[in-house]
Amino acid sequence: MFVTRFAPSPTGYLHRGHAFSALTAFEAARAAGGRFLLRIEDIDATRCRPPYEEAIYEDLAWLGLEWETPVRRQSDHLDDYQAALAALTADHLTYRCFKTRKELAQAAASAPHGAAEVHRGAALPAAEEAARLAAGDPFAWRLSLDAAETALAGRPLSFFEEGAGPGGERGHILADPALSGGDIVLARKDVGVAYHLAVVVDDALQGVTHVIRGQDLFEATPVQRLLQALLDLPTPAYRHHRLLTGPDGRRFAKRDRAETLRDLRARGVSAAELKAELGFE
Ligand code: GLU
């Protein structure tokens, strides 16, 4: 059974780009006679706000979308992510990183290849780590790429792209863990779990067979594929879609204060008009 999802973060009001993404996933589920899920990605309590979540339901209903209930809200399932982190830690794939943002930036600047250098690190010596913990110093859990590569023992990772990456990548794609941005953060002190880990856990728990999302997340796929391999989770098919651009040729983004769906509605644009503009009937 085909299962896909739309997974917005309630950090602002939805705009045309979100509508395009949600409609793309919804219509794909309908065409396949499959299921369409809505997932609220609200793990970052420092950025997510309840009114934005309410607005997501309102805006998607206005667009004519229907989704299964109950909606999975990530903040209700932190235990699931903790369990995944604990499993990776039990397999010696993680370490506590006490480096501050400033220290990381300095390390990147002094690296031979500059900021492009993939960050790799390791746990502090036990006594030093114990002292930092006792002092209450903040740390992030990171995935050790070195340990992950050892665990994979040369087994190549890949995923199937049914849509296209930003460079036209499609079909069978090799997911090189070294391209994953290095020792990615899995959890932080203020935010108990980071995006990549929550997404792979949820996609697996919800039985998602097709991840349909914007091309801006194509680059996130290799590391998510790596986490699936390390956690022994199934790999869905990926269908990255083009990003909508505004009249100025730039893509819509919350930070650009793109016109929101609420703004459109307030100036009398109907859902049918918006759908037609986006290429949906
Ligand atoms: N929550 C992510 C976002 O708002 C999307 C995650 C995904 O589709 O994998 O961009």
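Just so you know, ligand 1 is whichever comes first in the structure, and atom 1 is the first atom listed for that ligand.
Residue pairs meeting the ring pair (Phe, Tyr, Trp, His ring centres under 6.0 Å) criterion with at least one partner in residues 23-73, sequence neighbours excluded, are Tyr13-Tyr52, Phe26-Phe36.
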Set out, in order, the CA-CA distance, both residues' side-chain angles and the distance that settles side-chain hydrogen bond (donor to acceptor under 3.5 Å, both in side chains) for Asp146 and Ser144, then state yes or no. CA-CA 5 Å; Asp146 288 340; Ser144 162; 5.1 Å; no
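Of all atoms in ligand 1, listed by their number and element, those nearer than 4.0 Å to a heavy atom of Tyr195 are 6 (C), 7 (C), 9 (O). Shown in contact with Glu41 at under 4.0 Å from a heavy atom are these atoms of ligand 1, numbered in order with element: 1 (N), 2 (C), 5 (C), 6 (C). Distances below 4.0 Å separate heavy atoms of Arg213 from the following atoms of ligand 1: 7 (C), 8 (O), 9 (O).
The shortest N or O to N or O distance between Leu217 and ligand 1 is not under 3.5 Å.
Under a 4.0 Å heavy-atom criterion, Phe6 is not in contact with ligand 1. Residue contacts with ligand 1: Arg5 is included, with a non-hydrogen atom under 4.0 Å away.
Taking only non-hydrogen atoms, the option from Ala198, Ala220, Ala7 nearest to atom 2 (C) of ligand 1 is Ala7.
Figure legend: cation-pi geometry between Arg213 and Tyr238 absent, as NZ or CZ is not positioned both under 6.0 Å from the six-membered ring centre and within 45° of its axis. Seen from the ring of Phe159, Arg225 does not count as a face-on cation partner, given the 6.0 Å and 45° thresholds.
Aromatic ring centres of Phe160 and His172 lie farther apart than the 6.0 Å criterion allows.
Taking the charged nitrogens against the carboxylate oxygens, Asp203 and Arg5 do have a contact shorter than 4.0 Å, which makes a salt bridge.
For Val211, no heavy-atom contact with ligand 1 is shorter than 4.0 Å.
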